[in-house]
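Remarks on the structure that follows.
All of these numbers come straight from a predicted model, not from anything done at the bench. Chain naming here is simple, since letters A, B, ... match the order of the sequence lines and numbering starts at 1 in each.
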Number of protein chains: 2
Amino acid sequence: MRRMTARPANAHQARLLKLLRDGGPNSRAQLGDQIDLSRSKLAVEVDRLLETGLVVADGLAASRGGRRSHNVRLNPGLRFLGVDIGATSVDVAVTNAELEILGHLNQPMDVREGPVAVFEQVLSMAAKLRVSGLAEGFDGAGIGVPGPVRFPEGVPVAPPIMPGWDGFPVREALSQELGCPVMVDNDVNLMAMGEQHAGVARSVGDFLCVKIGTGIGCGIVAGGDVHRGVTGSAGDIGHIQAVPDGRPCACGNRGCLEAHFSGAALARDAVEAAQQGLTVELASRLEANGTLTAVDVAAAAAAGDATALDLIREGGNRVGQVIAGLVSFFNPGLVVIGGGVTGLGHNLLAAIRTQVYRQSLPLATGNLPIVLGELGPTAGVIGAARLISDHLFSPA
Amino acid sequence: MRRMTARPANAHQARLLKLLRDGGPNSRAQLGDQIDLSRSKLAVEVDRLLETGLVVADGLAASRGGRRSHNVRLNPGLRFLGVDIGATSVDVAVTNAELEILGHLNQPMDVREGPVAVFEQVLSMAAKLRVSGLAEGFDGAGIGVPGPVRFPEGVPVAPPIMPGWDGFPVREALSQELGCPVMVDNDVNLMAMGEQHAGVARSVGDFLCVKIGTGIGCGIVAGGDVHRGVTGSAGDIGHIQAVPDGRPCACGNRGCLEAHFSGAALARDAVEAAQQGLTVELASRLEANGTLTAVDVAAAAAAGDATALDLIREGGNRVGQVIAGLVSFFNPGLVVIGGGVTGLGHNLLAAIRTQVYRQSLPLATGNLPIVLGELGPTAGVIGAARLISDHLFSPA
DNA sequence: CAACTTTCTCCACTCACAGGACAAAGGAGA
DNA sequence: TCTCCTTTGTCCTGTGAGTGGAGAAAGTTG
């Protein structure tokens, strides 16, 4: 199949494409109710979209008491690739133009191996999805990396946990390999966009999305748009001081949030506790696997292990304290907690909520839901697909 | 003089009005260079603006090598009122449509006396400016209050330091009294808008404006627009925890930033130090005036008093620590420090800078100026005038 | 005084868009 | 089955937005 190259010619067409993406197949009449255009003008624009091939006819809809309408929908052959590169694993998914996931792969990987090795793996995963019949090529790809990105160019800048990527032209390189347009963003921002598109943050204009994985980051959505900051490092809350004169952090300071709570810190603390003989539960798991992760801590807590519970609570308190400050500052309408450690579930959430509701002003917390993300590991790839579709569904 | 009631009829006219406001009198030709419109269309819109009276002819400009151009400018008779209500004083100013201050009054006042008493004072100050020949009436007014505001309605909500104002219809009441459109906002947001319009933040799209007066607040500008949060309480950083288990705060928590550093906290600490005999300088001032303010501390520090210097440094460290967190989170392109305590000047700034540059990530601080506000006490009233002019210079 | 520049106005043409008339297609009751 | 009503989609015309060029008006420079 030949790939689509067309782009919307004007703002109306862009609007229509996004309505069809977010609302599925629809008739001209119903589209007219959602857009400020006359029936005649709308028909013209729809016809033009049909000519480009971005949109196709989709049969007759059921009658609503009169003549049946001719539905249109986004070309069902369109394929987006969503890539979410984490610190220790990579997710690759294929979606259709409505951003529904058609296939999804996840593989462990070390981002420190550098862009060349990682891209090799990403491309082979993409190829696997392609030969499985889900796609014959891609119309666009979005990719998230665990560090700051100079957004317009799609280039990582000074990423602490992936030094080899500094300045690597991710967008350009991937675009050449895949032969389609590519957009690059921070993985946390993509998670926020994912939850905004299809998760708990639907229809919320101002929210924070805190991702607790190997590290900690925060996606900021203000007025419906992601706030990236002047150098693309906005949301980098892992190195906010959480404990005065606290633990030394890899960044050179002391007491950083990340040094006290994150997937990595939690695992380290769990091993320590097990070795000190504080917890049989964790000790036996340590003996069995040779190492511990957040998953072990979650399981131990679920089994009633007091030490594991304490670790989670203490961590939640730290994160909650920082989030409380951010809530006072930003006054969001929603806080989403996501990332690898969401397996810690309700215990973590409870600790965070306690801190935020206690420390922030009532006006800011009065009607502030603090919830777990809904999409889990798919948030990132959905956000990636959303990123590229937002780009392609805008006038050229 | 009859007041203007016209508003721009479309986005082009709005754009032109703002160009004339920010750039002063100008010719059609030069306006055409700054706006994406053909000469002919532009001429039509300018003519329509001339008809409304918002814009007037302003004679011939000097030749630029050819025919001399007919300048136009905003009607020089337009008058905006800018009101900045602080915790302990009120500023009222009159500006022209180009937001130049024509007259400015400042009076002490206690905001806790409630809206009725305060408005009486504001109106009498406005009347004083009016009879002095600066204005015969106002075309619009902007007003800042020291607390959260439900922006669309112009109503303060749950303001901690001015409980009597909760729910008072400031916008409606003042609009009735003055007989002109009124917009209401948080005083810190207006300070940010002031510095953005005419101060250090010109041409910066993302910045923070920290106002340290009786309390502490932070104006947030993202993508050129003020971020107010979902309940209008964004930027309320005075109650972020700065010291774990620190001093008790009026809000009920402990260790809030405001409890450790602000105009009020600094004065209290200075009195304490004087009474403990730690500083001759401050003690003699205390004896002379019966009380101490931030101004006394600044003077003592300037005179070389070590205790005063310590107070300033310690306070700057506290604020700096909080700002460091906000910088990591928001990644601004500029941080402006303003408010009553800017008299503390370079000592304060040095302490803040030290903390931010040490604690935030290099990528976020690499090219981040941290400077004092340029406009001093006029920032608020200029911001207020800017607020109402932005409103009136938008299509109705 | 001639040649060149810049500014401003006028006019013709194109395109975007609204809104109404009308045809096509269906439903529901008599 | 027929009639009336509803909904959908198309066609056509009128209006206003906007461009671009021609040319007049007003300067400067040599």
Looking at side-chain heavy atoms only, is the closest gap between [X] and [Y] below 4.5 Å?
X: L334(B); Y: L208(B); result: no
X: S389(A); Y: R21(A); result: yes
X: R228(A); Y: N331(B); result: no
X: I101(A); Y: V381(A); result: yes
X: F138(A); Y: V94(A); result: yes

Assess the residue pair L37(B) and R15(B) against the criterion (side-chain contact (heavy atoms from CB on, under 4.5 Å)); give the C-alpha distance rounded to whole Å, side-chain angles, the decisive distance to 0.1 Å, and a yes or no. CA-CA 11 Å; L37(B) 269 185; R15(B) 185 80 206 287; over 6 Å; no

Rounded to whole angstrom units, what separation is found between the [atom1] atom of [X] and the [atom2] atom of [N]?
X: R39(B); N: dT9(C); atom1: CZ; atom2: C1'; result: 11 Å
X: R64(B); N: dT29(D); atom1: CZ; atom2: P; result: 14 Å
X: L42(B); N: dT7(C); atom1: CG; atom2: P; result: 12 Å
X: Q30(A); N: dT7(D); atom1: CD; atom2: C1'; result: 11 Å
X: R28(A); N: dC11(D); atom1: CZ; atom2: C1'; result: 14 Å
X: L31(A); N: dT8(D); atom1: CG; atom2: P; result: 11 Å
X: H70(B); N: dT9(C); atom1: NE2; atom2: C1'; result: 11 Å

Can you tell whether the side chains of [X] and [Y] come within less than 4.0 Å, N to carboxylate O?
X: E45(B); Y: R48(B); answer: yes
X: R386(B); Y: D185(B); answer: no
X: R28(B); Y: D47(B); answer: yes

Is it the case that more than 12 heavy atoms not belonging to Q34(A) sit under 6.0 Å from its CD atom? yes

When you get a sec, tell me which of dT8(D), dC12(D), dC10(C) is the closest nucleotide to the side chain of S40(B)?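 The closest nucleotide is dC10(C).
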
Do any N or O atoms of the protein come closer than 3.5 Å to N or O atoms of nucleotides 15-17 of chain C, and which pairs are they?
from    : atom 1 : to     : atom 2 : distance (Å)
dC17(C) : OP1    : H12(A) : NE2    : 2.9
dC17(C) : OP2    : H12(A) : NE2    : 3.4
dC17(C) : OP2    : K41(A) : NZ     : 3.0

Using five pairs at each end of the helix from dC1(C)-dG30(D) to dA30(C)-dT1(D) to define an axis, what is the angle between those two axes, to 10°?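 It works out to 0° between the end axes.
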
Would you give a per-nucleotide map of nucleotides 24-30 of chain C, 5' to 3', where B means the base has a protein non-hydrogen atom under 4.0 Å away, S means only the sugar-phosphate does, and - means neither? BBBS---

Mind checking the CG-CG spacing from D390(B) to L17(B)? Nearest 0.5 Å is all I need.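 Atom-to-atom, D390(B):CG and L17(B):CG are 11.0 Å apart.
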
